[in-house]
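Reading through the structure tokens given below for one structure.
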Amino acid sequence: MMKAVIQNGFGDPGVLVLGDVECPEINENEVLIKTAFTSVNYADIKSRKGTKASGDFPFTLGLDAAGTIVEAGESSGFVVGDRVIAFPIGGSYAEYVKANKQLAFKIPDSLSFEQAAAMPTVSILSSFLLHEIGQVKKSDTIVIHSGAGGVGTMLVQLAKLAGVETVIATVGNLRKEQYVKSAGADLVCTYDSFAEEVLQYTHNQGAHVIFDSVAGEITSRSLECLRLYGTLVQFGNSSGRAGHFKTSDVHSSCRNVKGFSLGTTRKHRPELLGPAANKVIDLFSAGKVKLPIARIFDLRHAGKAHELIESRDYEGKVLIKV
């Protein structure tokens with residue numbers, strides 16, 4: 001048996017309860033990991049509330065984990081003692097998790113488990129968005145919505161590391177402006193004024209690529225400041241509302257709208273994530289990028305971690321220590 005945070009119904013953070021469950025059993029293509037830390041992602045909040053899908057209770061939340069392999073399937077390619085990050089099967093708010101070999105990645109001894117746990121979802125997603133989906137060039141002007149969040153912080157850093165000329169980020173409150181600029185943003189705007197400020201900053205040309213994880217009215221306002229032949233990358237809806245645009249806004253301006261989901265890719269094309277994972281592991285290990293840790297909670301206080309995420313009153317990543 002092991003300790004895990006169990007959810008028996010949808011609701012507020014109070015539905016997250018620490019309990020005893022059976023330890024996962026692995027097959028030949030899987031590994032069993034003793035969890036050191038897991039991160040809290042906004043997708044966890046949506047899953048807890050039931051806004052993502054219907055629930056098959058009880059279940060355990062959590063997208064990613066960092067820890068040590070304690071059992072390795074004979075076809076997994078791993079050995080006991082390997083330090084890894086992983087996207088587990090069945091949630092990560094638990095003492096032990098199992099993962100398919102395609103969704104576990106070795107990390108060097110020089111990378112702390114805290115920093116490793118902060119990175120899997122946000123850094124692998126950001127690398128894929130920037131280079132594969134957005135196909136951003138050095139000469140581009142790009143806009144990154146929710147610049148103070150985990151993905152936003154990572155996108156800003158990776159873009160500047162890649163030599164992108166102009167990085168504009170949006171925030172809900174300008175109190176976060178200095179934090180986002182310290183990550184490398186050239187201009188920080190609020191959601192209320194970003195369209196006008198982007199147009200002014202680009203002499204009415206607009207941005208080449210806009211990364212939108214908010215949706216709602218932010219999607220339509222993004223198209224207002226996306227230049228001809230530009231690309232809108234849509235990869236989330238943290239606002240809780242669908243974004244809308246007219247087909248004429250796309251074809252007449254030769255703009256592109258691309259969608260991406262890390263969850264869908266983990267499920268259907270996990271082999272695509274290996275190169276991005278290895279790239280960001282190397283960058284973190286070399287100290288070229290980093291993710292500030294906003295706060296670390298004990299496993300039994302997972303509900304308090306969710307409260308902090310929902311408050312949006314934090315900068316960086318929120319972790320759970322297991």
Quiz item: In terms of heavy-atom contacts, does CD of Q200 have more than 12 from other residues, nucleotides or ligands at under 6.0 Å?
Solution: no
(Q) Tell me whether R255 forms a cation-pi arrangement with Y229, defined as NZ or CZ under 6.0 Å from the six-membered ring centre and within 45 degrees of its axis. (A) no
Closest non-hydrogen atoms of L103 and R266, given as atom of the first, atom of the second and distance, are CD1-O, 3.9 Å
dist K304:NZ -> I320:CD1 (nearest 0.5 Å) comes out at 13.0 Å
Nearest heavy-atom contact between V156 and A169 is CG2-CB, 4.5 Å
Across all chains, not counting sequence neighbours, the side-chain contact (heavy atoms from CB on, under 4.5 Å) partners of R175 are N173
- Message: Please check: side-chain N/O of R221 versus main-chain N/O of D192, any donor-acceptor pairing under 3.5 Å?
- Response: yes
- Would you say the side-chain atoms of T60 pair up with the backbone N or O of V5, donor to acceptor, closer than 3.5 Å? yes
Tracing side-chain contacts under 4.5 Å among Ile, Leu, Val, Met, Phe, Trp and Tyr outward from L32 reaches M2, I6, V21, I26, V70, Y96
| message | In this structure, would I293 and I124 fall into the same cluster of hydrophobic residues linked by side-chain contacts under 4.5 Å? | response | yes
| request: Verify side chain to side chain donor-acceptor pair (under 3.5 Å) between T190 and S193, making sure each step is shown before the conclusion. | output: CA-CA 6 Å; T190 65; S193 64; 3.2 Å; yes
Checking V136, L155, V209 against V164 for side chain to side chain contact (heavy atoms under 4.5 Å, CB included), the one that qualifies is V136
### Query
Are E315 and R295 close enough for a salt bridge, meaning some N to O gap below 4.0 Å?
no
Shortest non-hydrogen pair, A94 vs L299, comes out as N-CD1, 4.2 Å
Does K181 come within less than 4.0 Å of D186, counting only side-chain N to carboxylate O? no
Spell out, as yes or no, whether a donor-acceptor pair under 3.5 Å connects the side chain of H208 to the backbone of T141.
-> yes
- Task: Show your reasoning for whether salt bridge (charged side-chain N to carboxylate O under 4.0 Å, His left out) applies to E165 and K160.
- Result: CA-CA 8 Å; E165 194 168 291; K160 297 310 287 188; over 6 Å; no
Between the OG atom in S39 and the CG atom in L63, the distance rounded to the nearest 0.5 Å is 7.0 Å
Shortest non-hydrogen pair, G243 vs A215, comes out as N-CB, 3.9 Å
Paired with F105, the side chain to side chain contact (heavy atoms under 4.5 Å, CB included) test is passed by just one of V280, D82, I281, namely I281
Review point. Can you check side chain to side chain contact (heavy atoms under 4.5 Å, CB included) on Q7 and V17, steps first, answer last?
Key: CA-CA 6 Å; Q7 182 171 339; V17 179; over 6 Å; no
For I296 and K321, the nearest pair of non-hydrogen atoms, with its separation, is CG2-CB, 3.8 Å
Across all chains, not counting sequence neighbours, the ring pair (Phe, Tyr, Trp, His ring centres under 6.0 Å) partners of F194 are H145
- Message: For the NE2 atom on H251, are there more than 12 heavy atoms of other groups (residues, nucleotides or ligands in this structure) within a distance under 6.0 Å?
- Response: yes
For residues 114-126, the side chain to side chain donor-acceptor pair (under 3.5 Å) pairs (sequence neighbours left out) are D64-T121
The salt bridge (Lys or Arg N to Asp or Glu O under 4.0 Å) partner of K98 among E71, E25, E22, E30 is E30
Q.
Quick check: do S220 and H244 have side-chain heavy atoms less than 4.5 Å from each other?
A. no
Test side chain to side chain contact (heavy atoms under 4.5 Å, CB included) on V180 and V171; report intermediate values, then the result. CA-CA 9 Å; V180 181; V171 293; 3.7 Å; yes
d(Q135 CD, H131 NE2) to nearest 0.5 Å is 11.5 Å
TODO: Give the cluster check for M119 versus Y93: same hydrophobic cluster or not, with ILVMFWY residues linked at side-chain heavy-atom distances below 4.5 Å.
DONE: no
Taking N237 for the side chain and S239 for the main chain, is one N or O donor matched with an acceptor at less than 3.5 Å?
no
Exercise. Got a donor-acceptor contact below 3.5 angstrom from the K106 side chain to the R83 backbone?
Worked result: no
Open item on the list: Assigning hydrophobic clusters by single linkage (Ile, Leu, Val, Met, Phe, Trp, Tyr; side-chain heavy-atom cutoff under 4.5 Å), is I144 placed with Y201?
Closed with: no
Following the transitive rule for hydrophobic clusters with a side-chain heavy-atom cut-off under 4.5 Å over Ile, Leu, Val, Met, Phe, Trp and Tyr, establish whether I210 and L199 coincide in one cluster. no
Carefully, step by step, assess R312 and Y42 under the rule side chain to side chain contact (heavy atoms under 4.5 Å, CB included). CA-CA 10 Å; R312 298 189 183 273; Y42 199 79; 3.4 Å; yes
Within the side chain of T231, is there an N or O that forms a donor-acceptor pair under 3.5 Å with the backbone of G134? no
Between the SG atom in C189 and the CG atom in L174, the distance rounded to the nearest 0.5 Å is 8.5 Å
The salt bridge (Lys or Arg N to Asp or Glu O under 4.0 Å) partners of K137 (sequence neighbours excluded) come to D140
query: Counting only N and O atoms by type, is there a donor-acceptor contact under 3.5 Å from the side chain of Y179 to the main-chain atoms of G316?
result: yes
Donor-acceptor check, side chain of R241 to backbone of G216, threshold 3.5 angstrom: yes or no?
no
### Task
Output, in order, the C-alpha distance, side-chain angles, deciding distance and verdict of salt bridge (charged side-chain N to carboxylate O under 4.0 Å, His left out) for R48 and E310.
CA-CA 12 Å; R48 191 202 76 224; E310 289 185 270; 3.0 Å; yes
Are the side chain of N41 and the backbone of D44 linked by a donor-acceptor contact shorter than 3.5 Å?
-> no
One should read off an interatomic distance between D249 CG and L226 CG, to the nearest 0.5 angstrom, of 10.0 Å
In V143, V250, T219, the residue satisfying side chain to side chain contact (heavy atoms under 4.5 Å, CB included) with L232 is T219
**OP:** Evaluate the criterion side chain to side chain contact (heavy atoms under 4.5 Å, CB included) for residue pair F297 and L308; output intermediate values, then yes/no.
**Re:** CA-CA 10 Å; F297 292 86; L308 179 59; 4.0 Å; yes
Note: with side-chain heavy atoms under 4.5 Å as the link, the other cluster members for F78 come out as V31, I33, I69, V84, V97
Just say parallel, tilted or perpendicular for the rings of F59 and F10, cut-offs at 30° and 60°.
-> tilted
Non-hydrogen side-chain atoms of L61 and L16 separated by less than 4.5 Å | yes
### Cluster link V214 to L130, ILVMFWY, side chain under 4.5 Å
no
Q.
Check this for me: K258, atom NZ, are more than 12 non-hydrogen atoms of other residues, nucleotides or ligands nearer than 6.0 Å?
A. yes
Rounding to 0.5 Å, atoms CD1 (I107) and CG (D282) come to a distance of 12.5 Å
task = Please answer whether the main-chain N or O of F37 pairs with a side-chain N or O of T35 as donor and acceptor at a distance below 3.5 Å.
result = no
Looking only at heavy atoms, the pair that brings F128 and L272 closest together is CE1-O, 3.6 Å
